[in-house]
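One structure is given here, and the rest of the page talks about it.
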Amino acid sequence: MNGESAARDGKGFLGTRAGQALATNWAAFFLVLMLITFSLTGRNFLSIVNFQNVVHLQTVPLLLAIAETFVIITGGIDLSVGFVMGLASVGAAKLMQLFLASGLTPGLSIALSMLIVLAGSLVPGLVNGIVITKFKVPPFIATMGMFGIANGLALRISQGYPMIGLPDVLPKIGNSYLLYVRPGDFVSFFAKPENFPDNRVRELLRLIPLSLPFILIVIAALAFTLRRGRFGRHTYALGGSMDASIRSGIAVDAHLVKVYVLSSALAGLAGLFNIFQTGIGNYTTFNAQYEFFAVAAVVVGGASLAGGKGRIWSSVVGVLVLAFLENGLAISGVKPFYRYIAVGVLLVVAVVIDKLFPDMR
Amino acid sequence: MDYLLETRNITKRFGGLTAVDRVSIGLRAGEALAVLGDNGAGKSTLIKIISGVHKPDEGEIFIGGKPARIDSPMDALAAGIETIYQDLALAENLDVGANIFLGRERMKRSLGILKVLDDQAMREEAQKVLDRLDIHIPSLKKTIRTLSGGQRQAVAISRSIYWDAKVLIMDEPTAALGVAEQKKVLNLVRTLKDQGIGIIIISHQMYDVFEVADRLAVMRRGVLVGERIVKETNPDEVVGLIVGSETVGKER
C-alpha cells in the first residue's frame, strides 16, 4: 500500500521501500552482481586464491579510504594521504637501515622505527588541520600543499630508489597466512611447516592472509567510532551544518584538526603496512594516485563531497567495487583502456545517484 | 518592575553609525514582545547584543533584576537566553534527537567500558519535550532534511526549551513558512507563553504581531520610537511609527 502510493507520486519503483533500499545500497548490489558476472566470464576469478589476493592487495587502499571517509564527511578532502603513506614507508625504511647499521637487532629496529613513524605521521595531519582551521585555507589546497611537501621529503629520503636491505622478517610477517593446509594431511599456523620445501608451497592451501584480520579490526573499530561515538556524531554534525555545530558549543576547529590527524595517522599506518607487504621502502610515484583512488572509492560507497554523508562500511564496499572491477575485467581479458573508462563512468554514476538520494547517512 | 530581561540605554556604534541608540526595553515572563522596524532600524543589532553576538558600547543588561555580563553567545545560553535564527542552525543530516542533544550528547556504557551514544534515550527525551509543546513529528528517526519548515522550526524551538530557555528570541519565525505552518508556529508561541517563557519576536508580518504579541516596540534609525500594548493599538498606527509619518510616541 505504502509502495503503491509512493509509486503514484511519480517516483515509480524507486519510491518504494525496496527501491529505496536498492538505491541507497546500490554499490553493494553492484558488487554482488559484478562478482557473479565475472565468475561466469573469467577463468579463475571465482577462487579463494584470487579473492584473498584482491583483499590482501587492497589493505593499503582500504586504510586510505577509511581515512578519507572521516575527512569527506566533514565536507573536506585530504589529497595528501597517498604521499604521506609514501613518506611513512621510506621514512620507516631509512630508520630501519640506520638502526640496523648502528647494531640494533632487526626486531628492535623494526619496533622503534614503527613507533617513530606512527608518531611522526600525526604531524602532516596536524599541519593540515591548523592551516585549514586557523588560516582558513580550503582543504583542497591545504592538503595539496602537503601532497607536495610529503612527496618532496620522500624523494629526498629515498633519492627516488626503492629502499632495500631491510630485515627479511618484514615480508614474511606481512604476507603470511593464518592457516596452511595440505588437504587431508596437516595444518600449520602462521607459517608453512618447517621442513616443507619452498618450491612446493603452491601445493598448500593458504587461508586467511594476516592482513585480513588486521584490516577488519581497523575497519570495525573506526566504523564503531563513527557510528556510535561522540567523535563520529560531531564529525557528521560538522558536515551537516558548520553553523549548528558552532552554536551547539562543539569545538569545531579542534575537531577538524583531529579528523585530519586521524587521516594522516591512517596514511602512516598504510605506509608501515606497505613495508611489511613488500619488504622495501616504497617511494610513491605520481602515477600511483592513491589519494584519488581513495576519494573515488569513498564516493562510489555513497559519501557526498558536500559533507554530512558517508559510512566506513560503504567505503569498504567502494574499495572492493573498484578493485574487483579492475581485477575481474583483467581476468576476463578486457584491455586496460576499457578498464579506465569503466572506472570513470562508475564514478560519475555514483555521484548522480548521490544527488538523487540525498537522505542516506 | 519585575522584568525577566531588561536592557538599559543600550548603545552600539559601528564606526560613525549609531546602530542602536540608548534603547531600553523590558520583557516579562510569559510575555511576547514584538520588535518592529524597517530594514536598518537596528532590531537585528539589538537582538545580537542580547544574544551575545555583539558587545554594546554603552548600557547594561539585567536578567531577573541583576546586572548580567553577556560577552559571548555561550554567556547568553548560560543565562537562559536562546535565539532561533532564520536558518535555524540544525544539522539536516542528523535526526531530531541528535540535533536537540548536539554538543551535549547523552552517553551510555556499552560492554562495560566503551562510552557510546545513547540515541534511544535522546529520542525519548526529544519526544517528551515535543509532547510538552504539543508538536507532532511522525518519526524521530528521520533526518531533519525530511521535515517541513514548520517542523524544523519546532525542533529548533524544542532544543532551546529542552536546555531551559527562559528567554526565547525568534528572528522572523514565520518568514519561510506556508500559511498552515505559520499558524502552527504561532500556536507554539502561545504554548510557550503559557509555560512562562518570555519571547522576543522580530517580524515584518503585522499579522503575526497582532496574533501573538502582548506588547510591541518600534525602532527607527537605532532609536526606540514607541512602545504599545497590542490590544490598545492598530496596524495603521504601528505602520505610522515604523515609517515615521506620525509624531513620535507619546511617552517620549
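Labels below follow one simple rule: chain letters A, B, ... track the order of the sequence lines, proteins then strands, and each chain is numbered from 1.
In this structure, Q182(B) and Q205(B) approach most closely via the heavy-atom pair NE2-NE2, 4.0 Å. The minimum heavy-atom distance between A68(B) and I63(B), with the atom names listed, is CB-CD1, 3.6 Å. When every heavy atom of A32(B) is checked against every heavy atom of K193(B), the shortest pair comes out as CB-CD, 3.7 Å.
Counting non-hydrogen atoms of neighbouring residues, nucleotides and ligands closer than 6.0 angstrom, the CZ atom of R190(B) exceeds 12 such neighbours. Annotation for F140(A): atom CZ does not count as buried by contact number, only 12 or fewer foreign heavy atoms lying within 6.0 Å.
Residues of residues 78-91 of chain B placed with any heavy atom under 4.5 Å of a heavy atom in chain A are listed by number as Y85(B), D87(B), A89(B), L90(B), A91(B). Applying a 4.5 Å heavy-atom cutoff, none of the residues of residues 127-136 of chain B approach chain A.
T235(A) and H255(A) are linked by a side-chain donor-acceptor pair at a separation below 3.5 angstrom, with hydrogens and angles left out of the test.
Ionic pairing of R123(B) and D95(B) is present here: one or more N-O contacts between side-chain nitrogen and carboxylate oxygen are shorter than 4.0 angstrom. The existence of a salt bridge linking D119(B) and R233(A) is confirmed by a sub-4.0 Å separation between a basic side-chain nitrogen and an acidic carboxylate oxygen.
Contact annotation for I246(A): only backbone heavy atoms (N, CA, C, O) come within less than 4.5 Å of a heavy atom of chain B. Of the two parts of N99(B), neither the backbone nor the side chain holds a non-hydrogen atom closer than 4.5 Å to a non-hydrogen atom of chain A. Interface remark: I144(B) contributes no atoms to any contact with chain A (heavy atom separation under 4.5 Å).
Between the side chain of N93(B) and the main chain of G308(A), a donor-acceptor pair closer than 3.5 Å is present.
Here the CZ atom belonging to R152(B) is positioned 14.5 Å from the OG atom belonging to S158(B), to the nearest 0.5 angstrom.
Residues K108(B) and R106(B) fail the side-chain proximity criterion, which asks for heavy atoms closer than 4.5 Å.
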